[in-house]
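Just so you know, these numbers come straight off a predicted model, no measurement behind them.
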Amino acid sequence: ILGNSVATDENLRNVVLLHMAAFAQSHGGDGSSRPSGRIASGGQGSARKNTRGPTTNIELKKAVERRGPLPIEFDFKDQKTYLHVGENAAWFGNLLGEIVREFPYYYPSWRDIPQEDKVNVYEKIRAHFHIDNHLAGPHGDKIKKGIEDFLCKRYSDSKHSHKVEHWVEKGGIAAVEEIRSHPPENVSAERWSKQVDFWIDPKRAHKAEVNARNRRCNQIASFHGSRSLAAARYEYFSIHKVYPSLIKNYFDNHTRNDVFVHPQAERNYNEMLRLRAQGEGASTGIAMTDAEIVSQVLGGKQRGHLPGRGRKVSGVDSSSCFGSQSQGLRSYLQQEVGSLSQGPRSYSQQEVGSQSQGPRSYSQQEVDELLRQQAERQHNETVEARRVAERTQTQLNQMVAFLSSQPGLSSLSTMFPPPSGNDGNNDDDNGDGA
């Protein structure tokens with residue numbers, strides 16, 4: 001199975017991890033036999049029959065032939081994602097996707113491809129779009145980083161689709177030599193052999209397993225499609241001359257016919273509304289912004305992405321784009337706690353609503369309730385992570401059982417013994433085993 005390499009216990013263990021990762025990717029991480037479709041916007045479905053083929057940009061090329069390089073805009077005013085936006089944004093993204101497919105997929109990331117191999121990338125972009133006016137402007141460095149980050153994302157997505165088509169669906173590690181001996185069309189045997197070696201490398205196997213586990217942690221689907229949030233907000237602005245609320249964006253992107261598809265998304269949205277109403281009803285003048293509310297509810301940066309707001313460009317402080325993720329709430333709580341030491345303060349009839357019977361004090365209990373709810377959310381996230389780990393263990397057991405039945409791999413059952421007792425809950429501080 002490992003070609004000319006020595007089949008050590010460590011190699012076998014890591015190869016099983018690779019196969020398990022591929023197995024999880026091709027079945028959506030739920031242990032079922034059905035291939036999964038799209039689970040989140042911008043994600044890659046596992047089954048080729050649910051995806052389109054590579055974009056060839058025929059319409060873009062026709063437009064360039066008629067008009068020459070096209071204009072393109074970037075988001076440096078709204079959320080400062082520095083993503084391409086405007087009427088030609090989809091063509092720009094498709095072009096970058098076409099560019100990355102010209103490179104081999106045996107590099108860990110786009111940034112690991114030798115720079116000398118990428119010298120013509122920006123010339124290809126310039127042949128289709130006017131970008132020099134942006135790169136020479138005051139936001140040029142950040143816009144270029146934004147383009148590089150998008151190339152990284154497109155390379156990663158394309159590499160994943162390539163792996164699904166030519167590795168996972170062809171049998172993976174169980175058919176490695178068969179796969180190696182049949183390179184895809186227009187791929188040399190030498191390049192293809194490097195690609196297969198990349199997939200069976202133990203370090204890559206471990207990272208693939210970690211990435212698959214991380215993807216399975218995202219249980220909440222978003223429905224804004226392949227168009228970026230920045231592009232959707234820019235389009236709204238071009239019509240209404242004002243950017244939409246981030247909280248309204250969250251509602252629109254997580255509902256179908258105004259009904260939430262996932263209960264956690266609905267809880268998140270209700271919490272956003274509660275924090276906003278709380279700030280609007282306060283007389284302190286330190287109400288949280290929408291960006292701070294979204295950060296408080298959804299959490300901070302995740303792999304270069306700020307949930308509910310968009311991408312954070314590498315090397316750019318997120319606070320310069322969106323404000324501190326918790327500063328607003330922290331300041332609010334500090335103000336309220338401080339006011340307790342000065343005695344109860346009064347709210348107006350308008351602030352507390354028509355049901356109030358005069359002024360009331362803002363109690364320590366209400367401050368504690370905010371902190372309790374935050375701790376409850378963190379606990380729920382821990383419970384969900386434990387369930388994901390249990391599903392991963394089940395998939396590993398399935399793969400060990402399958403591979404142990406293959407000639408020469410019977411020792412795997414001793415290398416991957418099934419967990420016993422509460423071993424799988426050692427990290428559970430509460431010990432509730434949920």
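Phe260 has its ring centre less than 6.0 Å from the ring centre of Tyr269.
Taking Glu59 as the reference, nothing meets the side-chain hydrogen bond (donor to acceptor under 3.5 Å, both in side chains) condition, with sequence neighbours excluded. In this structure, the ring pair (Phe, Tyr, Trp, His ring centres under 6.0 Å) partners of His254, at least two apart in sequence or on a different chain, are Tyr250.
A donor-acceptor pair is defined here as one N or O able to donate and one able to accept, closer than 3.5 Å; no such pair exists between the side chain of Asn88 and the backbone of Ile72. With His128 contributing its side chain and Lys124 its backbone, the two residues share a donor-acceptor pair below 3.5 Å. With hydrogens and angles ignored, the 3.5 Å screen pairs no side-chain donor or acceptor of Ser156 with any backbone N or O of Cys152. Side chain of Asp201 to main chain of Asp197: no donor-acceptor pair is present (N/O by atom type, distance under 3.5 Å, no hydrogens or angles).
Aromatic ring orientation, His166 versus Trp192: perpendicular (interplanar angle above 60°, classes split at 30° and 60°).
Annotation: cation-pi pair Lys159/Tyr107 absent, no NZ/CZ under 6.0 Å from the ring centroid and within 45° of its normal.
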Acceptor/donor pairs from residues 241-249 side chains to any protein atom, 3.5 angstrom cut, sequence neighbours excluded:
from	atom 1	to	atom 2	distance (Å)
Lys241	NZ	Ser238	O	3.2
Ser245	OG	Ile247	N	3.1
Ser245	OG	Lys248	N	3.3
Ser245	OG	Arg276	NH2	2.9
Ser245	OG	Asp290	OD2	2.8
Lys248	NZ	Asp252	OD1	2.8
Lys248	NZ	Asp252	OD2	2.9
Asn249	OD1	Arg233	NH1	2.5

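Ion pairing between Asp149 and Lys145 fails under the 4.0 Å rule for side-chain N and carboxylate O. A salt bridge does not link Glu98 with Arg101: every distance from a Lys NZ or Arg NE/NH1/NH2 to an Asp or Glu carboxylate oxygen is 4.0 Å or more.
Of all heavy-atom pairs between Leu60 and Leu70, the closest is CD1-CD1, 3.7 Å. Across all their heavy atoms, Tyr106 and Gln195 have their closest contact at N-OE1, 3.4 Å.
His162 contributes atom NE2, which lies 6.5 Å from atom OH of Tyr105 (distance to the nearest 0.5 angstrom).
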